[in-house]
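Inspection log for the structure reproduced underneath, given as structure tokens.
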Protein chains: 2
Amino acid sequence: MLNFSASEENYLKTIFHLQTKDNNVTTNELAERLHTRPASITDMMKKLKTRKLVNYQPYQGFRLTLEGKKAALNIIRRHRLWEYFLASKLKFNWDEVHEVAEQLEHVSNKKLIDKLDEYLAYPKFDPHGDPIPDTHGKMETSKQISLAELHLNRRARICYVANQSELLLEHLHEKKIKIGALVIVKRKFSYDDSLEIKLDNKPALTISGQLAKNVFVRHG
Amino acid sequence: MLNFSASEENYLKTIFHLQTKDNNVTTNELAERLHTRPASITDMMKKLKTRKLVNYQPYQGFRLTLEGKKAALNIIRRHRLWEYFLASKLKFNWDEVHEVAEQLEHVSNKKLIDKLDEYLAYPKFDPHGDPIPDTHGKMETSKQISLAELHLNRRARICYVANQSELLLEHLHEKKIKIGALVIVKRKFSYDDSLEIKLDNKPALTISGQLAKNVFVRHG
DNA sequence: AAATAAATTTAGACAAACCTAAAAAATAAC
DNA sequence: GTTATTTTTTAGGTTTGTCTAAATTTATTT
């Protein structure tokens with residue numbers, strides 16, 4: 001595996017997140033995301049092009065080559081493994097892990113990451129619900145979403161609860177909402193963002209938008 | 001706590017290790033230790049002086065200010081905590097941890113380090129037997145002695161290995177001599193300074209005086 | 001299709017952290 | 001106490017990754 005500077009890694013990772021099947025990443029888009037200036041993007045694209053990590057023709061935007069994608073997935077693997085570590089072992093809140101992982105991800109030592117992965121028992125998703133690539137860059141294709149984002153009548157399973165305050169946990173207990181339960185959203189009330197859901201095919205119940213935002217599910 | 005570049009941190013840490021009560025650190029000394037050129041040391045000393053981290057008068061060598069020492073201890077704390085983590089949780093060999101910790105130590109986030117410390121149950125010594133500073137820079141001072149100096153039949157624990165050459169480390173591995181092991185010197189042969197020792201109450205083995213001088217223990 | 005606006009690139013500069021080669025200071029040798 | 005040697009510093013240069021301002025290309029209006 002080649003070696004990259006922290007800067008190069010941030011570019012690769014961010015291009016990966018921005019590029020889609022049919023849309024190249026643009027200079028301005030990337031500049032904004034990286035809190036840098038368009039001129040800096042152009043500079044770096046030239047460099048990444050000579051390293052064969054991006055395809056780039058002036059004024060045409062850019063996308064990762066296969067090699068670039070491989071590198072990006074490796075960086076994302078590190079980031080998400082550290083996020084998982086921070087949340088599960090060090091008891092960081094899920095909304096605090098990203099910032100720290102941004103730094104840890106640049107420590108590049110294959111053995112470290114593979115041993116960390118093993119230590120964490122090969123987790124498949126990070127605390128935000130994003131899939132963690134394995135050593136070969138392969139990962140699950142589903143993403144964890146909040147109950148508030150779940151479409152009507154789609155079957156999903158509760159897999160995570162964010163912001164685990166005393167009050168929230170008590171409320172969940174009250175409503176008998178548990179990790180692993182099958183859930184289907186039956187109605188959405190845009191007036192107050194509350195939802196009517198069914199849990200494990202039991203009678204429907206209503207929950208607040210507040211609550212729905214903190215309960216996460218995965219399709220399937 | 002102020003913010004330092006990885007480079008600055010390496011300088012601070014290394015000055016801390018080199019400076020003694022009565023001897024300033026010299027330019028060449030530091031250059032050799034950091035695998036850099038003397039001219040680069042001078043450059044950096046000027047910078048660290050304006051930041052009030054070292055006392056430095058041209059041609060007179062340098063030493064850390066109180067502020068610089070505080071910073072150095074913080075970096076050493078990070079380094080040794082990561083070493084401990086790598087050895088105790090990720091099952092790295094104790095002779096592999098240094099290299100990885102050299103990278104991890106530059107991730108600066110107080111909460112991360114304090115939570116790591118807590119997670120590791122506030123270890124007092126790293127896998128090489130060096131004491132780990134606490135949040136305030138305080139650490140154990142207990143005197144280590146070499147195995148060669150240990151009295152007959154006194155129980156002690158192996159806590160440190162000096163002169164960590166490839167050969168020495170390999171030899172230790174061969175003899176299954178590990179940090180943390182309980183050791184008792186059973187006989188001393190003045191003919192060649194070799195020793196007969198017991199490790200963790202397993203059958204006695206013989207080691208050379210050469211080796212004994214490089215293996216350090218702590219009573220207890 | 002010409003004019004205007006927006007996006008992108010080029011040109012030139014800067015800071016950090018290193019380098020080499022030459023000069024200066026301190027130390028050691030005679 | 002000069003001279004020679006070693007150590008340290010200065011002067012000037014390089015690379016990486018950033019910047020601003022100006023030029024250029026592409027896209028949008030009218």
Side-chain angles (χ1 to χ4, degrees), chain A residues 2-15 18-20 22-64 68 71-72 75 102-103 105-108, chain B residues 2-15 18-20 22-64 68 71-72 75 102-103 105-108:
Chain A
L2 289 160
N3 230 39
F4 306 107
S5 70
S7 235
E8 287 171 326
E9 291 191 342
N10 284 332
Y11 279 82
L12 290 171
K13 184 185 60 170
T14 307
I15 295 169
L18 290 177
Q19 79 179 19
T20 62
D22 35 325
N23 276 112
N24 281 2
V25 180
T26 68
T27 303
N28 273 358
E29 205 181 354
L30 190 52
E32 190 180 356
R33 196 61 105 75
L34 288 171
H35 304 107
T36 184
R37 299 303 183 154
S40 310
I41 303 297
T42 304
D43 287 350
M44 185 60 98
M45 285 312 112
K46 286 181 190 162
K47 203 207 305 190
L48 294 182
K49 188 186 179 177
T50 69
R51 294 193 66 173
K52 298 199 165 132
L53 295 163
V54 299
N55 291 123
Y56 164 57
Q57 292 305 122
Y59 298 102
Q60 303 308 131
F62 26 81
R63 54 175 41 254
L64 298 175
I75 298 154
E102 283 288 297
Q103 292 189 64
E105 73 186 2
H106 299 302
V107 174
S108 78
Chain B
L2 291 158
N3 231 38
F4 305 107
S5 70
S7 233
E8 288 170 325
E9 293 191 341
N10 284 331
Y11 279 82
L12 291 171
K13 182 185 62 169
T14 307
I15 295 169
L18 290 177
Q19 79 179 21
T20 62
D22 35 324
N23 277 112
N24 281 2
V25 181
T26 68
T27 304
N28 273 357
E29 208 182 350
L30 190 52
E32 190 179 356
R33 197 62 104 73
L34 289 171
H35 304 108
T36 183
R37 298 303 183 155
S40 309
I41 303 297
T42 304
D43 286 352
M44 184 61 98
M45 284 314 111
K46 286 181 189 163
K47 205 207 303 188
L48 294 183
K49 188 186 178 177
T50 69
R51 295 192 66 171
K52 298 200 163 126
L53 296 163
V54 299
N55 292 122
Y56 164 58
Q57 291 305 120
Y59 298 103
Q60 302 308 130
F62 26 81
R63 58 173 39 255
L64 297 175
I75 298 154
E102 283 288 297
Q103 291 190 65
E105 73 185 4
H106 300 301
V107 174
S108 78

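By convention in this document, chain letters (A, B, ...) are assigned in the order of the sequence lines, proteins followed by strands, and residues within each chain are numbered from 1. Note that the structure is a prediction, hence the values are computed from the model and not measured.
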Checklist outcome for this item: When rounded to whole Å, the CG to P distance for the pair Leu48(B) and dA16(C) reads 12 Å

Checklist entry - Is the distance from OP1 or OP2 of dT20(C) to the nearest side-chain N or O of Arg37(B) less than 4.0 Å? => result yes

Checklist entry - Tell me: CZ of Phe4(B) to C1' of dA16(C), nearest whole Å? => result 16 Å

Next on the checklist: In this structure, how many angstroms lie between the C1' atom of dA7(C) and the CG atom of Asn24(A), rounded?
Outcome noted: 15 Å

Checklist outcome for this item: Out of dT10(C), dT20(D), dT9(C), minimum distance to the side chain of Lys46(A) belongs to dT10(C)

Checklist entry - So among Tyr56(B), Tyr11(B), Phe62(B), which one has a side chain to side chain contact (heavy atoms under 4.5 Å, CB included) with Leu48(B)? => result Tyr11(B)

Next on the checklist: Taking only side-chain N and O atoms of Thr27(A), does any of them lie within less than 4.0 angstrom of OP1 or OP2 on dT9(C)?
Outcome noted: yes

Checklist entry - Would one find a side-chain N or O of Thr26(A) under 4.0 angstrom from OP1 or OP2 of dA7(C)? => result no

Item to check | Comparing Met44(A) and Ile41(B) on DNA chain D - which has the more 5′ nearest nucleotide | outcome: Ile41(B)

Next on the checklist: Please classify the nucleic acid contact of Phe62(B) as base, sugar-phosphate, or nothing, using heavy-atom distances under 4.0 Å.
Outcome noted: nothing

Item to check | Whether Thr14(A) side chain and Asn10(A) backbone form a donor-acceptor pair below 3.5 Å | outcome: yes

Next on the checklist: Between C1' on dA6(C) and CD on Glu32(A), what's the gap in Å once rounded to a whole number?
Outcome noted: 14 Å

Next on the checklist: I'd like to know if the side chain of His35(B) and the backbone of Ala31(B) have a donor-acceptor N/O pair within less than 3.5 Å.
Outcome noted: no

Checklist entry - Please give, in whole Å, the distance from dT9(C) P to Gln57(A) CD? => result 11 Å

Item to check | Whole angstrom value for the distance that separates C1' of dT20(C) from CG of Asp43(B) | outcome: 12 Å

Are any protein N/O atoms closer than 3.5 Å to N/O atoms in nucleotides 21-26 of chain C? If there are, list each pair with its distance.
| residue | atom | partner | partner atom | Å |
| --- | --- | --- | --- | --- |
| dA25(C) | O4' | Tyr59(B) | OH | 3.4 |

Next on the checklist: Would the distance check show the side chain of Asn24(A) and the main-chain N or O of Gln19(A) forming a donor-acceptor pair, the cut-off being under 3.5 Å?
Outcome noted: no

Checklist entry - Under 4.0 Å between a side-chain N or O of Tyr56(B) and OP1 or OP2 of dT8(D)? => result no

Checklist entry - Does a side-chain N or O from Ser40(A) land closer than 4.0 Å to OP1 or OP2 of dT18(D), or not? => result no

Checklist entry - Can you list every salt bridge (Lys or Arg N to Asp or Glu O under 4.0 Å) pair that touches residues 30-44 of chain B, not counting sequence neighbours? => result none

Item to check | Residues which pass side chain to side chain contact (heavy atoms under 4.5 Å, CB included) with Glu29(B), listed by chain and number, not counting sequence neighbours | outcome: Leu18(B), Val25(B), Thr26(B)

Next on the checklist: Quick check on dT8(C): is either OP1 or OP2 less than 4.0 Å from any side-chain nitrogen or oxygen of Asn28(A)?
Outcome noted: yes

Next on the checklist: From the set dC18(C), dC19(D), dT9(D), return the single nucleotide nearest to any side-chain atom of Ser7(B).
Outcome noted: dC18(C)

Item to check | Pairing of Glu8(A) and Lys13(A) as salt bridge, 4.0 angstrom limit | outcome: no

